[in-house]
Amino acid sequence: MSSASPSRPWNVHLLPSAEGKVFLITGGNAGIGYFVAEQLAATGAVVVLGSRDATRADAAMASIRSRVPGARLRHLPLDLADLSSLTYAADRLNLDRLDAVVHNAGVALDDPPRRETQDGHELMFGTNHLGHFALTHWLAPLLSAAPAGRVVTVGSFAARSERLDLDDLQSARDYRPGRTYGRSKLAQMSFGFALDRRLRATGSTVLSVVAHPGGALDSLTPSRPPVHVTTGGARLRALPAGLMVQGKEAGARTVVRAVLDPEARGGQLWGPRVFGLRGAPRLEPARAHMTDPDVAARLWAASCELVGVDPALGFS
C-alpha cells in the first residue's frame, strides 16, 4: 500500500479541471455525497448522482446548478439495498468509460430492531458494503476503459474502534446498531484496500483509494435548501463542537481530493488533517485491522458468495 505523500500543495477552493471526465457518486443527493457532487461539478466533469429517489436527485441537481452555473449532471436510479437494481447499472449509464465511482451511499440505524435488505442481508452491511461490492463488479469494464479509473470508498472514523466478526458478518447473533454500522464501514474500508492490492497484482490501471470525512455534523453544514437546511440556532449551538469536528461540506473535501489529485496513489487513506476529525485533507496511515490481508481475503470470499459474483470482480 502506497504511503508516499503528494508534494504539490492542494487548494480545496481551487480544484483542478476535470473537463471530459465522468464521475458517479452513490448517494449523491444528500449528506457528504451531495457536497462531493457539488464540488466535483465545479471542475467541469459530468457528475452522475446515484440515487433511488428521483425527486430527491432532481432537488439536489437543481441546488448544484444554482451554485455551479453550467454544471453537467445526471441521475442514475440506484438502490444498493436491492442487488437486482445494480445488474444493469453500467448499461443505464450508457457510457464508454467511467473515470471514478465514489462509494458513498450508506445507511446508519440508531435503534433496533435488526432490518434486512430485499435480498435478506442485514440492512447496513448489505447496503454499505455488499451493495458497493456488487456495484464495483458491474462497473469494472467502464472503470477499466478509462485511462486511469478510480474507485473511491468512503469509510468512517467509526471503523477505527471496530473489528469484523467473520463468523457473524451480518450481526445475526448479536445485533447492536452502532457497532453494526461501524463494522459495515470497516468492511467497506477493508474492501477498498484489498481491491487495490488485487488491482496492482493484475497490472490494472484502475486505482482503489479510501477516504473518510472525519466528524461531519449536520449542524455545522451550510444550508442547501431544500436538500439541507441548517437553522441559525442549530449552528450557534454547534459552535463549540466546531473546535473538534466540521460540517459535511468540509468533510467532503477528503473524498474530492481522493478523486481528483493526480498524485494520489492506490491503497492510500485520506482523512482530515486535525486528529482525523476536521481540517484540510491529508494522507493518514491506515490501521492494521483495516488492511489485514487475511481478514480481507475471508471477507472477500464471503462477499462474493453473498452477492454471487466471481472473485475477480470483473477486472481482468
Side-chain angles (χ1 to χ4, degrees), residues 15-106 127-128 131-154 188 192 206-209 211 213 224 227-228 248-249 252-253 255-260 314:
L15 299 174
S17 171
E19 190 80 32
K21 293 188 176 182
V22 184
F23 305 134
L24 168 62
I25 300 104
T26 68
N29 59 285
I32 294 290
Y34 168 84
F35 286 101
V36 171
E38 182 182 280
Q39 291 169 32
L40 289 177
T43 68
V46 174
V47 179
V48 184
L49 280 64
S51 170
R52 62 183 179 181
D53 189 323
T55 301
R56 294 182 68 187
D58 286 343
M61 290 190 290
S63 176
I64 293 172
R65 288 189 176 107
S66 73
R67 304 184 66 84
V68 185
R72 303 170 67 193
L73 305 168
R74 290 177 52 190
H75 169 228
L76 176 68
L78 208 60
D79 184 356
L80 293 164
D82 178 6
L83 295 177
S84 66
S85 79
L86 308 178
T87 305
Y88 303 106
D91 291 339
R92 289 196 301 268
L93 279 170
N94 194 28
L95 298 170
D96 58 5
R97 74 175 198 285
L98 180 65
D99 294 281
V101 58
V102 178
H103 289 332
N104 161 79
T127 303
N128 302 354
H132 285 118
F133 189 88
L135 181 62
T136 304
H137 167 77
W138 297 114
L139 296 178
L142 294 181
L143 290 162
S144 298
R150 291 191 192 187
V151 178
V152 178
T153 299
V154 181
Q188 277 191 271
V206 179
L207 303 181
S208 177
V209 187
R224 294 291 191 272
V227 177
H228 171 77
K248 292 184 176 178
E249 180 187 34
R253 291 169 181 157
V255 182
V256 169
R257 183 165 187 178
V259 172
L260 293 176

**Student:** Of L93, D99, L95, which is the lone residue that meets side chain to side chain contact (heavy atoms under 4.5 Å, CB included) with R97?
**Tutor:**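 By the side chain to side chain contact (heavy atoms under 4.5 Å, CB included) criterion, R97 pairs with just one of L93, D99, L95: D99.
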**Student:** Are H75 and S51 side-chain neighbours, meaning at least one heavy-atom pair lies under 4.5 Å?
**Tutor:**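 Heavy-atom side-chain distance check passes, below 4.5 Å.
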**Student:** Are the side chain of R74 and the backbone of V46 linked by a donor-acceptor contact shorter than 3.5 Å?
**Tutor:**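 No.
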**Student:** Could you go through residues 59-73 and list every donor-acceptor pair under 3.5 Å that involves a side-chain atom there, pairing it with any protein atom two or more places apart or in another chain?
**Tutor:**
| unit_1 | atom_1 | unit_2 | atom_2 | d |
| --- | --- | --- | --- | --- |
| S63 | OG | Y34 | OH | 2.7 |
| S66 | OG | S63 | O | 2.6 |

**Student:** Show the nearest heavy-atom pair for residues G27 and A105, with the distance to one decimal.
**Tutor:**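 Scanning both residues, the minimum pair turns out to be N-CB, 3.5 Å.
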**Student:** I'd like to know if the side chain of Q188 and the backbone of T153 have a donor-acceptor N/O pair within less than 3.5 Å.
**Tutor:**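 No; zero donor-acceptor contacts below 3.5 Å.
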**Student:** Give the minimum heavy-atom separation between A57 and L49, together with the two atoms involved.
**Tutor:**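 In terms of heavy atoms, the two residues are closest at O-CD2, 4.3 Å.
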**Student:** Got L260 and F23 here, is their nearest side-chain heavy-atom distance under 4.5 Å?
**Tutor:**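 Heavy-atom side-chain distance check passes, below 4.5 Å.
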**Student:** Taking all non-hydrogen atoms of both residues into account, name the closest pair between N104 and G33 and its distance.
**Tutor:**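 Nearest pair, atom of N104 first, then G33: ND2-CA, 3.3 Å.
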**Student:** What I'd like to find out is whether the side chain of V256 reaches to under 4.5 Å of the side chain of L15, using heavy atoms alone.
**Tutor:**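 When only atoms from C-beta onward are counted, L15 and V256 do touch, with a gap below 4.5 Å.
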**Student:** Under 4.5 Å between any side-chain heavy atoms of N29 and V227, yes or no?
**Tutor:**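 Side chain of N29 against side chain of V227, heavy atoms only: no contact under 4.5 Å found.
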**Student:** Taking side chain as C-beta onward, heavy atoms only, is L78 less than 4.5 Å from L86?
**Tutor:**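 Yes. Closest side-chain heavy atoms under 4.5 Å.
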**Student:** Do side-chain atoms of S85 reach the backbone of D79 as a donor and acceptor pair under 3.5 angstrom?
**Tutor:**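 Answer holds: yes.
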**Student:** Under 3.5 Å, which donor-acceptor pairs do the side chains of residues 136-145 form with other protein atoms, sequence neighbours left out?
**Tutor:**
| unit_1 | atom_1 | unit_2 | atom_2 | d |
| --- | --- | --- | --- | --- |
| T136 | OG1 | H103 | NE2 | 2.8 |
| T136 | OG1 | H132 | O | 2.8 |
| S144 | OG | A140 | O | 2.9 |

**Student:** Just by distance, no angles: are the side chains of S84 and D82 close enough, under 3.5 Å, to form a donor-acceptor pair?
**Tutor:**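 D82 and S84 do have a side-chain donor-acceptor pair below 3.5 Å.
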**Student:** Going through the distances and angles, do T26 and L80 end up as a side-chain contact (heavy atoms from CB on, under 4.5 Å)?
**Tutor:** CA-CA 9 Å; T26 68; L80 293 164; 4.2 Å; yes
**Student:** Report the distance from atom NZ of K248 to atom CZ of R224, rounding to the nearest 0.5 Å.
**Tutor:**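 Rounded to the nearest 0.5 Å, the NZ-CZ separation comes to 13.5 Å.
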**Student:** Return yes if some donor-acceptor pair links the side-chain N/O of E249 with the main-chain N/O of Q39 below 3.5 Å, else return no.
**Tutor:**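 Side chain of E249 to backbone of Q39, a donor-acceptor pair under 3.5 Å: no, none is there.
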**Student:** When you look at CG of D91, are more than 12 heavy atoms from neighbouring residues, nucleotides or ligands closer to it than 6.0 Å?
**Tutor:**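 Atom CG in D91 is packed in, count exceeds 12.
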**Student:** Return the minimal non-hydrogen interatomic distance between A30 and R56, and the atom names on each side.
**Tutor:**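 Scanning both residues, the minimum pair turns out to be CB-NH2, 3.4 Å.
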**Student:** Compare every heavy atom of G106 with every heavy atom of N128, then report the nearest pair and how far apart it is.
**Tutor:**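 Smallest interatomic distance, heavy atoms only, reads OD1-CA, 3.1 Å.
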**Student:** Kindly give the heavy-atom pair with the smallest separation between L76 and A89, and that separation in Å.
**Tutor:**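 Looking at all heavy atoms of both residues, the closest pair is CD1-O, 4.0 Å.
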